[in-house]
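One structure is given below, encoded as structure tokens.
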Number of protein chains: 2
Amino acid sequence: MRAKDGAKRAPTESDVARLAGVSQSAVSRAYTPGASVAESTREKILKAARELGYHPNMMARTLATNRSNIVALAISYLDNPFYAQVVRELSEKLRETGRHILLFTTSPDGKADPALEDVLSYKVDALILTATTASHELAVQCQAAGVPIVQINRESKLPGISIVRGPNELAATKIAEFLHAGGHLRYAFIGGTVESGTSKVRENAFVGRLRELGVKDVLVAHGDYTFEGAAIVTRQLLSMAEPPDAIFCASDYMAFATLDVAKREFNLKVPDDLSVIGFDNVPAASRFAWDLTTYSQPAGLLVDAAIDIIDSMIARPGRRAQRREVQGELILRGSAKRPPASA
Amino acid sequence: MRAKDGAKRAPTESDVARLAGVSQSAVSRAYTPGASVAESTREKILKAARELGYHPNMMARTLATNRSNIVALAISYLDNPFYAQVVRELSEKLRETGRHILLFTTSPDGKADPALEDVLSYKVDALILTATTASHELAVQCQAAGVPIVQINRESKLPGISIVRGPNELAATKIAEFLHAGGHLRYAFIGGTVESGTSKVRENAFVGRLRELGVKDVLVAHGDYTFEGAAIVTRQLLSMAEPPDAIFCASDYMAFATLDVAKREFNLKVPDDLSVIGFDNVPAASRFAWDLTTYSQPAGLLVDAAIDIIDSMIARPGRRAQRREVQGELILRGSAKRPPASA
DNA sequence: CTGAAAGCGCTTACAG
DNA sequence: CTGAAAGCGCTTACAG
């Protein structure tokens, strides 16, 4: 129980109290918003704290209050710029309330489930799951432990889990209508993973609307939300006897791969030979070669909604799960043919 | 001090001890590698723990041991795919030893310094700074508090701070030689921020080597490590009366912007009219429109070195700062003219 | 407004 | 190998 060899022990409330000539509990109060301390006492304490270089020990505080100000974030596809954006927005917005992200990356192959124990051990205030292959068991257990959970763009059958999603049905429906109005003949959908509920929702809305419009067959493939996966699947689609001339990809990131393969390997003219539409509207979608037509899904709004839900669940633990949908819009660019007489 | 309303209190060692019929300290030992517990006792305990759904409380453990198994990561440019890769590699490799990342994002404008208190409050085992605008004061204070610090790709005058870097001098030198052999006439360097030591090192080596080769004037601009910043500066460079025909960008990410502007806005043929070389060799560098010639800087190796240093500093707190350089190589692709008679 | 004291859930000498 | 006990640095009723 000796101090670590090198570094001298960090100052504690007791050290500050001694220097300021008050009790240790007074020091604690000086750092507790709303606690009753005389202003003069408080100043004396803060001065002493500054002098000693005192910083409250969050671990001790957490032990006493059961609130860590840490939010666990489980995420796989950090290479997808959309999710890099989500992480950044989340981090910055949590910081505004003094909270931080504890990162749990999961490999896209789903092998490394974020160790259950870990997220439970750290007594996180909430758990956010997004773009992750994390098992549902993780969610179940955390929920049992009373940790508020919200999933961003991830479906779930579990009743207690809150969900924030993009405009999946509406977007897919509008995209189907837009492509159909553009006079395309053969349609394909490149989804994420086979298990992805979000991808399935988009697929169903896309295929469903096309069917209503009289299109019988829509090719469906899965790019696993990865660039490489989408590239492989695009190769297969474009190698068919009658390849599609319109492809809707479940993410911009995959759409980039589709465009890449179409132009470079198949020498197709976009959008003359092939129209490609993505989903997300990441910054890169408007850049150079891509010039991608897509449906926007503002990361900032998704994050706002997620934080809002978390806060309400922390405030009222008994609260039931919430579901929110964020708005987006069809962003017209050059990668998809436009309807002849634009409505 | 009552249990939180909704969720029942999480089971503790005492709960497990009661169920297993042993003392609380025995339970603790069962979870401490190398502690002396009879195998039969241990099994009894683990069984009881499973039954109760017990998970050790890291906050309490940290308070007792002063080790949190949390590593703070300060980072700004999450949108740069190279750093997204660094984050992922770091997260996965730390997980192998049961550690996790506590994320401190800083806005690229440098406004939001990661709150000093925060990183100190969480009693992190180490602090890693990379691609960040975080002030040096942060580093100084953490160092004073005895927190091991390593900077990835960030220079520092502070004596106690360990640094892991890419092959800056060598890469810039080779790139200068390669472009010069390619017979270019007017050279430009697009660096990161003006304050970036890493950028300065690359600039000096690049300009220095060109000077040795007889090139007097090398244009120097700063893209601030952002896509937009690089685009703006590229516009300026290419609008000059005598624009450069060879540009070395301090990151692939900025090189993409340069290529984008050159091709789309100035209708330049790459590499016929303009050669562009980047730095990092991110996955996107080999994709479609870019086909970027660059110098590799393996994120995995940088991360390995950083973790290695952290571990050694934790093991021997008195240890002095270390500096490591990771190897890379010139990756030949289509964005830069090759020397006529390749050596 | 202030202090003494108990408690948060662990680890770790210290005896046995 | 095992248990009782002190201690890690906080918060928070409880008295005063």
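Atoms considered below: every heavy atom in the structure, side chains included; atoms not considered: hydrogens, waters and symmetry mates.
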Applying a 4.0 Å non-hydrogen cut-off, can you work out what Thr41(B) is touching in the nucleic acid: base, sugar-phosphate, or nothing? sugar-phosphate
Select one nucleotide: of dG3(C), dC10(D), dT2(D), the one nearest the side-chain heavy atoms of Ala64(A). dC10(D)
Let me know the distance between OH of Tyr122(B) and C1' of dG9(D), rounded to the nearest Å. 15 Å
Answer yes or no: does a side-chain N or O of Tyr54(A) lie under 4.0 Å from OP1 or OP2 of dC10(D)? yes
OP1 or OP2 of dG3(D) less than 4.0 angstrom from a side-chain nitrogen or oxygen of Ser23(B), does that happen here? yes
CG of Asn57(A) versus C1' of dT11(D): gap in Å, rounded? 13 Å
Report which part of the nucleic acid Ser36(A) touches: base, sugar-phosphate, or nothing (heavy-atom distance under 4.0 Å, all strands). base
Length of the CG-P vector between Asn69(A) and dC10(D), whole Å: 15 Å
Quick check: Tyr83(A) with Tyr225(A) (ring centres under 6.0 Å apart)? no
Testing dG3(C), dA5(C), dG9(C) for proximity to the side chain of Gln24(A), the answer is dA5(C)
Just the rounded figure in Å: distance from P of dC10(D) to CE of Met58(A). 11 Å
Between Thr32(A) and Val22(B), which has a closest nucleotide on DNA chain D that is more 5'? Val22(B)
Which nucleotide, dG9(D), dA4(C), dG3(D), lies nearest any side-chain atom of Leu63(B)? dG9(D)
Classify the ring geometry of Phe104(A) against His100(B): parallel below 30°, tilted from 30° to 60°, perpendicular beyond 60°. tilted
Please tell me which of Met59(B) and Ser25(B) maps to the more 5' nucleotide of DNA chain C, matching each residue to the nucleotide holding its nearest heavy atom. Met59(B)
Applying the 3.5 Å cut-off to both distances, the Watson-Crick or G-U partner of dC1(D) turns out to be dG16(C)
Is a side-chain donor or acceptor of Ser162(B) paired with a backbone partner of Arg323(B) at a separation under 3.5 angstrom? no
Any donor-acceptor pair under 3.5 Å joining the side chain of Arg9(B) to the base of dG9(C)? no
From the candidates dC10(C), dA4(C), dC10(D), the one with an atom nearest any side-chain atom of Glu13(B) is dC10(C)
Could you please spell out the steps behind the side-chain hydrogen bond (donor to acceptor under 3.5 Å, both in side chains) verdict for Ser68(B) and Thr62(B)? CA-CA 5 Å; Ser68(B) 63; Thr62(B) 298; 5.2 Å; no
Rounded to whole angstrom units, what separation is found between the CD1 atom of Ile45(A) and the P atom of dC10(D)? 13 Å
With no hydrogens and no angle check, is any side-chain donor or acceptor of Asp311(A) less than 3.5 Å from a backbone partner on Asp308(A)? no
Nearest to the side chain of Thr65(B), which nucleotide is it out of dT11(C), dC10(D), dA4(D)? dT11(C)
Of the listed nucleotides (dC10(D), dA4(C), dG9(C)), which one gets closest to any side-chain atom of Ser28(A)? dC10(D)
Between Tyr31(B) and Tyr54(B), is the ring centre distance below 6.0 Å? yes
Counting the atoms with a prime plus P, OP1 and OP2 as sugar-phosphate, which does Thr62(A) contact under 4.0 Å by heavy atoms, base, sugar-phosphate, or nothing? nothing
Rounding to an integer number of Å, can you tell me how far Arg18(A) CZ sits from dG3(C) P? 14 Å
Picking from dG9(D), dC1(D), dA13(C), which would you name as closest to the side chain of Ala38(B)? dC1(D)
